[in-house]
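Throughout, residue positions are numbered sequentially from 1 according to the sequence presented. Bear in mind that the values here come from a model prediction, so they are computed numbers and not experimental data.
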Amino acid sequence: MEYLYAEQLKGKRVTLTITGVEQKEIIGDGGRKSIGFVVLFKETKKKLVVTGATVRRQLAMACQSENPDEYTGKQVVLYPVTSTRSISGQAIRIALPEHAA
């Protein structure tokens, strides 16, 4: 698997450093298309796909910018939450690291 999924976080908060953000068209389950981001990290080869408004807003808040070109080098915390909209019953959320707050 090349992408990060909430269940891979095993209930823990994980701090990662962004090495790049690629804007691209994402084709989801059922063929639904949306414009989103693929976020790359220093600590893992796995990528985070961001398509929803909630996670997109959390990413912008954690990176303290609306501009994805400014996300490289920023640290973010990924953590799992319960989700009724996800097949696995979990979704990833993003927060600012505590040391940056």
Side-chain angles (χ1 to χ4, degrees):
M1 278 190 225
E2 70 176 303
Y3 296 108
L4 274 169
Y5 294 97
E7 56 272 17
Q8 294 169 326
L9 299 176
K10 299 181 181 174
K12 297 181 181 172
R13 295 173 67 87
V14 179
T15 301
L16 299 171
T17 307
I18 297 172
T19 59
V21 177
E22 301 168 356
Q23 269 192 317
K24 63 190 291 186
E25 182 177 72
I26 308 293
I27 301 174
D29 295 335
R32 193 180 98 202
K33 296 179 182 179
S34 62
I35 299 299
F37 303 104
V38 175
V39 184
L40 311 169
F41 300 102
K42 176 181 175 183
E43 295 82 2
T44 181
K45 291 181 181 180
K46 295 196 181 281
K47 303 169 188 175
L48 178 65
V49 175
V50 177
T51 56
T54 298
V55 177
R56 188 183 305 240
R57 187 173 54 250
Q58 289 177 332
L59 180 61
M61 290 175 63
C63 292
Q64 301 174 342
S65 173
E66 295 281 333
N67 183 353
D69 293 335
E70 296 178 4
Y71 295 174
T72 299
K74 303 283 186 173
Q75 284 193 320
V76 295
V77 174
L78 304 184
Y79 62 96
V81 296
T82 302
S83 172
T84 57
R85 297 181 68 191
S86 170
I87 293 171
S88 70
Q90 295 183 351
I92 291 179
R93 295 295 182 254
I94 302 174
L96 187 67
E98 290 180 20
H99 65 272

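Distance check: Leu16 CG to Gln75 CD gives 8.5 Å after rounding to the nearest 0.5 Å. Between Arg56 atom CZ and Met61 atom CE the span is 15.5 Å, to the nearest 0.5 Å. Between the OH atom in Tyr5 and the CD atom in Gln90 there is a gap of 13.5 Å [rounded to 0.5 Å]. The line from NZ of Lys74 to SG of Cys63 is 6.5 Å long, rounded to the nearest 0.5 Å.
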Side chain to side chain contact (heavy atoms under 4.5 Å, CB included) between Leu78 and Phe41, intermediate numbers included: CA-CA 11 Å; Leu78 304 184; Phe41 300 102; 4.2 Å; yes
Decide yes or no on side chain to side chain contact (heavy atoms under 4.5 Å, CB included) for Ile92 and Val55, but give the supporting numbers first. CA-CA 8 Å; Ile92 291 179; Val55 177; 5.8 Å; no
Does the side chain to side chain contact (heavy atoms under 4.5 Å, CB included) test come out yes or no for Val76 and Tyr71, once each step is laid out? CA-CA 10 Å; Val76 295; Tyr71 295 174; over 6 Å; no
Let me see the working for Val49 and Phe37 under side chain to side chain contact (heavy atoms under 4.5 Å, CB included), right down to the final yes or no. CA-CA 6 Å; Val49 175; Phe37 303 104; over 6 Å; no
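The environment of Glu43 atom CD is dense: over 12 non-hydrogen atoms of other residues, nucleotides or ligands sit within 6.0 angstrom.
The two residues Leu96 and Ala62 have their closest heavy-atom pair at CD1-O, 3.0 Å. Here the closest heavy-atom approach between residue Lys12 and residue Pro80 is recorded as O-CD, 3.4 Å. Of all the heavy atoms in Thr19 and Lys42, the pair that sits closest is CG2-N, 3.4 Å.
The shortest distance between side-chain heavy atoms of Leu59 and Ile18 falls below 4.5 Å. You'll find the side chain of Glu98 stays beyond 4.5 Å of the side chain of Thr15, heavy atoms only.
One hydrophobic cluster, built from ILVMFWY side chains closer than 4.5 Å, holds both Ile94 and Leu4. Note: the hydrophobic cluster containing Val21 also contains Val14 (ILVMFWY, side chain heavy atoms under 4.5 Å, direct or indirect links).
Formation of a donor-acceptor pair under 3.5 Å by the Tyr79 side chain with backbone atoms of Leu9 is not found in this model. A donor-acceptor contact shorter than 3.5 Å is absent between the side chain of Gln58 and the backbone of Arg93.
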